[in-house]
Amino acid sequence: MLLLLACTSPKEPADDTAPVDSVSDSGTDDTGTDLAPLETCGYTAMTDLDADPAVVEVNLTASMYAWDPGTGIPLEDGMAFNESVPGPVLEAKLGDTILVHFTNDTDMDTALHWHGLRVSPEMDGVMQMDDPVPPGGTFDYELPVVDTGTYWFHPHMDTSETIEAGLYAPIILHTTDEVAPDCDMPVVLDDVLLDEDTSQIAPPDTDMMQIMGRLGNVLMANGRSGRRVEWTAGQTSLLRFVNASNARYWDLYLEDHTFTIVATDGGFLAEPYTTDHLLVAPGERYAVIVEATGTPGETYRLMNRRYVLHEEDGHMIEYDPMGDGENPVMSFVYGDGTVEGSGWTQPTADVPTWGAAVENLGHHWLLEEDMAGGIVTIDGESWPDVPMVDVTAYTDTTFEVENASEMHHPFHIHGNRFQVVDVNGEFPEQGQGWKDTFDIPPRSTVTLVSALDNPGEWMFHCHILEHADDGMAGMMTVSAR
């Protein structure tokens with residue numbers, strides 16, 4: 001079963017190697033710099049091997065792969081899913097079953113994590129770390145689709161290294177009443193740190209980079225810098241932002257356009273809201289509607305503003321190789337003419353029912369850091385010594401995450417979905433929806449509520465990948481007593 005959207009070309013997917021199709025030669029800009037090829041707005045989903053409309057069956061291979069981040073020089077130590085960065089879109093609808101026949105053709109052991117999906121613990125990639133898929137090995141993942149929204153998958157071993165190398169891909173899970181806009185397009189955000197002498201991936205070789213997380217010197221949308229996408233005035237586009245960066249927070253705006261936020265991590269919102277910029281923490285997802293109100297023949301850039309992760313006594317202490325200003329991420333190029341767009345009808349939203357904390361407190365996490373020692377901890381310890389959290393399934397439960405450090409930490413909890421009900425004593429009025437990844441600002445406490453309706457043993461960790469690899473992670477048992 002292949003779900004074809006109105007915004008994509010009605011054709012058989014010839015391969016799984018590109019999120020969008022090239023429609024023209026690149027040309028040059030006003031300074032004579034070569035431009036990336038102009039692409040259609042949309043995506044190509046992985047080929048479904050099963051004729052059953054309720055089953056999506058795909059082949060997925062992770063391999064060493066030299067890919068070009070837009071510099072013209074392939075990354076010799078790169079990796080990819082199905083020889084594409086990001087990997088091809090895994091697409092299904094509510095109620096489907098996804099079967100993934102996975103082959104590991106890399107030179108490292110691995111296990112895949114389906115970020116945000118409520119799957120069984122055996123399929124989550126964490127338990128599998130004790131018995132990983134070896135080089136040349138295979139494993140079959142079975143994933144029930146019980147939620148809708150935009151998700152992604154990536155390895156959960158040597159994570160900071162393998163994601164930096166290119167092993168990540170988006171997941172799109174549709175509602176049953178979803179009507180496609182003129183364009184539905186994942187925009188997977190990433191930055192890669194290249195060595196200035198070799199133009200190859202550079203290691204995080206300084207103590208500061210390890211404690212701050214690796215910030216890249218090339219910004220990419222869907223696996224390359226300088227990407228250009230063709231739009232037509234009047235059309236409606238659904239852009240699904242996924243932050244696959246090791247550590248970078250993206251503060252985005254689109255020149256002369258407005259974002260209407262229609263979905264967060266776990267699906268559509270009951271009440272969309274508009275904004276002129278959007279902050280996306282590592283691991284987070286947001287879906288936004290953009291009405292193409294630009295002028296035919298003009299180009300509008302998606303820009304990223306510097307976002308400071310660590311500030312001490314009012315001074316920035318981390319170095320960003322992209323500088324302290326704004327940088328282009330990708331461009332939307334208006335063709336000639338206009339169209340009458342499809343508009344947008346918000347699908348039925350399965351939104352949280354809480355508006356405040358509940359009496360049952362499951363746990364209060366404490367996030368800390370020791371800059372001098374290069375140590376990050378949860379509840380005073382580092383993995384695997386972080387104390388186990390034990391809570392009861394099918395019980396509305398409050399969790400508090402206190403960040404006692406001077407740095408932002410994106411906190412990700414596996415296996416269950418949550419609502420943010422309080423940030424430093426204030427209820428966040430906008431964007432009420434399901435979440436699995438949360439920005440915890442410095443010296444702040446964020447309060448969450450969950451029904452804990454997926455029992456099992458689940459990991460929680462900071463999604464600055466260097467922090468997770470350094471031990472800012474623990475386990476929670478959700479017991480069905």
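Heavy-atom minimum distance, T275 versus T258: O-CG2, 3.5 Å. Shown here for G166 and V85, the closest heavy-atom pair between the two residues is O-CG2, 3.8 Å. Residues D320 and R306 come closest through the heavy atom pair OD2-CD, 3.2 Å. When all heavy atoms of L269 and I261 are compared, the closest pair comes out as CD1-O, 3.8 Å. The minimum heavy-atom distance between M220 and W250, with the atom names listed, is O-CH2, 4.0 Å. Counting all heavy atoms, side chain and backbone alike, Y394 lies closest to A480 at CE1-CB, 4.3 Å.
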Criterion side chain to side chain contact (heavy atoms under 4.5 Å, CB included) on Y168 and T162, from CA distance to verdict
CA-CA 9 Å; Y168 54 84; T162 54; over 6 Å; no
Stepwise, does the side chain to side chain donor-acceptor pair (under 3.5 Å) test hold for E429 with Y273?
CA-CA 10 Å; E429 298 291 343; Y273 64 98; over 6 Å; no
CA sep, side-chain torsions, deciding dist, call: E466, N246, side chain to side chain donor-acceptor pair (under 3.5 Å):
CA-CA 7 Å; E466 285 74 22; N246 281 35; 2.8 Å; yes
Walk me through it: do D469 and S160 pass the test side chain to side chain donor-acceptor pair (under 3.5 Å)?
CA-CA 7 Å; D469 285 356; S160 63; 2.6 Å; yes
Step by step, work out the side chain to side chain contact (heavy atoms under 4.5 Å, CB included) result for L194 and T71.
CA-CA 10 Å; L194 301 183; T71 63; 3.9 Å; yes
Chi angles and distances behind the side chain to side chain contact (heavy atoms under 4.5 Å, CB included) call for T148, H174
CA-CA 6 Å; T148 62; H174 297 280; over 6 Å; no
H364 vs F399, test: ring pair (Phe, Tyr, Trp, His ring centres under 6.0 Å). Steps then yes/no.
CA-CA 6 Å; H364 180 104; F399 296 89; over 10 Å; no
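The aromatic rings of F460 and F411 lie tilted to each other, with the angle between the two planes from 30° to 60°. Ring planes of W365 and H363: perpendicular class, angle over 60° (limits at 30 and 60°).
One distance of note links CG of L167 with CE of M79; it measures 6.0 Å at 0.5 Å rounding. Separation of atoms OG1 (T159) and CD (E164) is listed at 12.5 Å; rounding is to 0.5 Å. Distance CG/L75 to CH2/W67: 5.0 Å, rounded to 0.5 Å. For the atom pair CG (L254) and CE (M330), the distance works out to 9.0 Å, reported to the nearest 0.5 Å. Distance check, rounded to the nearest 0.5 Å: CE of M157 to CG of L112 gives 11.0 Å. Taking CG of L279 as the reference point, atom CG of D439 lies at 6.5 Å (rounded to 0.5 Å).
Side-chain N/O atoms of N403 and S444 include no donor and acceptor closer than 3.5 Å. Checked by atom type, the side-chain pair H101/N59 shows no donor-acceptor distance below 3.5 Å. Counted by atom type alone, Y151 and D265 present zero donor-acceptor pairs between their side chains at under 3.5 Å. For the residue pair E326 and Y253, a side-chain donor N or O sits within less than 3.5 Å of a side-chain acceptor on the partner. For T103 and D105, the side-chain atoms include no donor-acceptor pair closer than 3.5 Å. D124 and W458 share no side-chain donor-acceptor pair at under 3.5 Å.
Here H412 and H113 bring their ring centres to under 6.0 angstrom of each other. Aromatic ring centroids of F81 and F153 lie under 6.0 Å apart. Taking the six-membered ring wherever Trp is involved, the centroid distance between the rings of H461 and H156 falls below 6.0 Å. Remark: aromatic rings of F332 and H257 are distant, center separation not under 6.0 Å. Ring centroid separation for the pair H115 and H463 comes in under the 6.0 Å cut-off.
Taking the charged nitrogens against the carboxylate oxygens, E39 and R227 do have a contact shorter than 4.0 Å, which makes a salt bridge. Ion pairing between a basic and an acidic side chain is recognised when a charged N comes within 4.0 Å of a carboxylate O; D190 and R248 show no such pairing. Contact check on R118 versus D453 returns a salt bridge, with a Lys/Arg side-chain nitrogen under 4.0 Å from an Asp/Glu carboxylate oxygen. Taking the charged nitrogens against the carboxylate oxygens, K93 and E178 have no contact shorter than 4.0 Å, which rules out a salt bridge. Note on R224 versus D68: no salt bridge recorded, every NZ/NE/NH1/NH2 to OD/OE distance being 4.0 Å or above. Here R285 pairs with D436 in a salt bridge; the nearest charged N to carboxylate O distance falls below 4.0 Å.
At distances below 3.5 Å, not a single donor-acceptor pair connects side-chain atoms of S237 with backbone N or O atoms of L239. When atom types are taken as modelled, the side chain of Q432 and the backbone of P428 share a donor-acceptor pair closer than 3.5 angstrom. Between the side chain of T110 and the backbone N or O of V133, no donor-acceptor pair lies under 3.5 Å. Under the 3.5 Å distance criterion, the side-chain polar atoms of E400 are left unmatched by any main-chain donor or acceptor of L366. One N or O on the side chain of S382 and one on the backbone of V376 form a donor-acceptor pair closer than 3.5 Å. Judged by distance alone, the side chain of S450 and the main-chain N or O of R417 form a donor-acceptor pair under 3.5 Å. Of the possible polar contacts, one joining the T397 side chain to the T395 backbone as a donor-acceptor pair under 3.5 Å is found. Within the 3.5 Å criterion, the main-chain N or O of G125 finds no donor-acceptor partner in the side chain of Y141. In terms of modelled atom types and a separation under 3.5 Å, the side chain of H467 and the main chain of L465 share no donor-acceptor contact. Judged purely by atom type and a 3.5 angstrom limit, D147 has no side-chain atom pairing as donor or acceptor with the backbone of G266.
The 12-atom threshold is not exceeded at CG of D131, counting heavy atoms of other residues, nucleotides or ligands nearer than 6.0 Å. The number of heavy-atom neighbours closer than 6.0 Å to CD of E142, taken from other residues, nucleotides and ligands shown, is 12 or below.
Inter-residue side-chain proximity for L302 and S331 is flagged as unmet; no heavy-atom pair is nearer than 4.5 Å. Side chains of T175 and L94 form no contact here, defined as non-hydrogen atoms less than 4.5 Å apart. Side chains of T150 and V242 form a contact here, defined as non-hydrogen atoms less than 4.5 Å apart. The shortest side-chain heavy-atom distance between I440 and P410 does not fall under the 4.5 Å cut-off. Using a 4.5 Å heavy-atom cutoff, the side chains of N243 and P282 are in contact. Using a 4.5 Å heavy-atom threshold, the side chains of D422 and F427 count as separate. No side-chain heavy atom of V218 sits under 4.5 Å from any side-chain heavy atom of D191. N222 places none of its side-chain heavy atoms less than 4.5 Å from the side chain of L189.
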